[in-house]
Student: 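Just dropping this structure here.
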Protein chains: 2
Amino acid sequence: MDTSSLPANVLDPDCPSRVIFQRIGDKWASLVVQVLADGPIRFSELRKMVHVVTPKVLTQTLRTLERDGLITRTVHAQVPPRVDYELTELGASLLEPLTLLRLWAEDHVPSILKARDAYDDAQDEAVMGD
Amino acid sequence: MDTSSLPANVLDPDCPSRVIFQRIGDKWASLVVQVLADGPIRFSELRKMVHVVTPKVLTQTLRTLERDGLITRTVHAQVPPRVDYELTELGASLLEPLTLLRLWAEDHVPSILKARDAYDDAQDEAVMGD
DNA sequence: GCTGCTGGTATCCATGAGGTAACTAAGTTC
DNA sequence: GAACTTAGTTACCTCATGGATACCAGCAGC
């Protein structure tokens, strides 16, 4: 795979990849997308799965993903209400690069944490030496 | 590729993927990594390439990447000084998933922007109807 | 000794993402 | 008619990110 060629527009502030990188960096968005990979799920189940996210923040996250066309929101006319969230085709297509990134993370984050410790130790020694 | 199975730890707040997702979401970090794909580069060149990032923010970004062991910082004893930044092996290995994500973005961001427009129009109409 | 170059720091500030806590609507059951 | 359910909303607060601006150190050349 050729990873060395850089399209000019990556440096453009309006570059499309910025849109996605920002969405990935969102604290809950990529998590929600991965949970939705297993099929539609309702609001309350999502809340339970995604640890202790508050309803406000979860709603915000879901609205953003819906606006971007990555998920759909389906309200069932029931009482008590039932709202299902589901990946769109577009959202599902994001799973592949997202999963690859997650796999890379699982492989390499230990190295990163080790590098951090080493860096911080070196910093501490430098300060001591002053 | 199997994207449906979800490792339990993705829901863990200490999950390794969070570390990476956060770094990707950093406004400049993933950009710098991609620029460094073409080989070592010095501070001032980086500043020119990455549009108009201020030196403070660029330094912050580079220090973070260095701390994570993704890049190295090499000071040459010259006058005027010369400092080169270069990807480590670890940093280079991140290029592959990052590039796949960028390619996905280039393919699909138009759809996302279209979805946003449609969503916003629908919202406007809903407000008008009130 | 003044200026210029590089690679930064130092200081202050605005914005927005994310969090807390309390409240709501609408129908159903008891 | 009080309580419970789901799927939120509202108001408020905090803190990290990122940006603007100014300054600095060291040496070369004039």
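On a predicted model such as this, the values are computed, not experimentally measured, just so you know. So you know, we letter chains A, B, ... as the sequences are listed, proteins then strands, and number each from 1.
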Student: For A:D26 and for B:D84, locate the closest nucleotide of DNA chain C by heavy-atom distance; then report the residue assigned to the nucleotide nearer the 5' terminus.
Tutor: B:D84

Student: Please work out which residues in residues 53-82 of chain A have a non-hydrogen atom less than 4.0 Å from an atom of DNA chain D and list them by number.
Tutor: A:P55, A:K56, A:T59, A:R63, A:R73, A:P80, A:P81, A:R82

Student: Between CD of B:Q34 and CG of B:L95, what distance do you get to the nearest 0.5 Å?
Tutor: 7.5 Å

Student: Looking at residues at least two apart in the chain, or sitting in another chain, which of them share a side-chain hydrogen bond (donor to acceptor under 3.5 Å, both in side chains) with A:R116?
Tutor: B:D68

Student: Please tabulate, for the side chains in residues 77-92 of chain B, all donor-acceptor contacts under 3.5 angstrom to protein atoms that are two or more places apart in sequence or on a different chain.
Tutor:
unit_1 : atom_1 : unit_2 : atom_2 : d
B:R82  : NE     : B:D84  : OD2    : 3.2
B:D84  : OD2    : B:H76  : NE2    : 2.9
B:Y85  : OH     : B:R73  : NE     : 3.2
B:T88  : OG1    : B:G69  : O      : 2.7
B:T88  : OG1    : B:L70  : O      : 3.1
B:T88  : OG1    : B:L90  : N      : 3.4
B:T88  : OG1    : B:G91  : N      : 3.0

Student: Of all residues at least two apart in sequence or in a different chain, which pass the side-chain hydrogen bond (donor to acceptor under 3.5 Å, both in side chains) check with B:D107?
Tutor: none

Student: Would you grab the first and last nucleotide of DNA chain D (5' to 3') that comes under 4.0 Å of any non-hydrogen atom in chain A?
Tutor: D:dT5 to D:dA11

Student: Please report the interatomic distance CH2(B:W28) to CZ(A:R18), rounded to the nearest 0.5 Å.
Tutor: 5.0 Å

Student: When rounded to the nearest 0.5 angstrom, what distance separates CD1 in A:I24 from CZ in A:R102?
Tutor: 12.5 Å

Student: Only counting residues at least two apart or in another chain, list the ones meeting side-chain hydrogen bond (donor to acceptor under 3.5 Å, both in side chains) with B:R42.
Tutor: none

Student: Kindly list each side-chain donor-acceptor pair under 3.5 angstrom involving residues 59-66 of chain A, sequence neighbours excluded, with atom names and distances?
Tutor:
unit_1 : atom_1 : unit_2 : atom_2 : d
A:T59  : OG1    : A:P55  : O      : 2.8
A:T61  : OG1    : A:V57  : O      : 2.8
A:T64  : OG1    : A:Q60  : O      : 2.9

Student: Contact boundaries of DNA chain C with chain A (under 4.0 Å, heavy atoms), 5' to 3'?
Tutor: C:dG18 to C:dT28

Student: Suppose we screen for ring-ring contact (aromatic ring centres under 6.0 Å, His included). Which residues come up paired with A:W104, at least two apart in sequence or across chains?
Tutor: A:H108

Student: Taking any heavy-atom pair under 4.0 Å as a contact, classify B:R47: base, sugar-phosphate, or nothing.
Tutor: nothing

Student: Suppose the criterion is salt bridge (charged side-chain N to carboxylate O under 4.0 Å, His left out): which pairs have a residue in residues 44-62 of chain A, not counting sequence neighbours?
Tutor: none

Student: Mind checking what makes side-chain hydrogen bond (donor to acceptor under 3.5 Å, both in side chains) contact with A:D26, not counting sequence neighbours?
Tutor: none

Student: Tell me the bend of the helix from C:dG1-D:dC30 to C:dC30-D:dG1 as the angle between end helix axes, each from five pairs, rounded to the nearest 10 degrees.
Tutor: 20°

Student: Give, for atom CG of A:L36 and atom CE of A:M49, the distance between the pair rounded to the nearest 0.5 Å.
Tutor: 9.5 Å

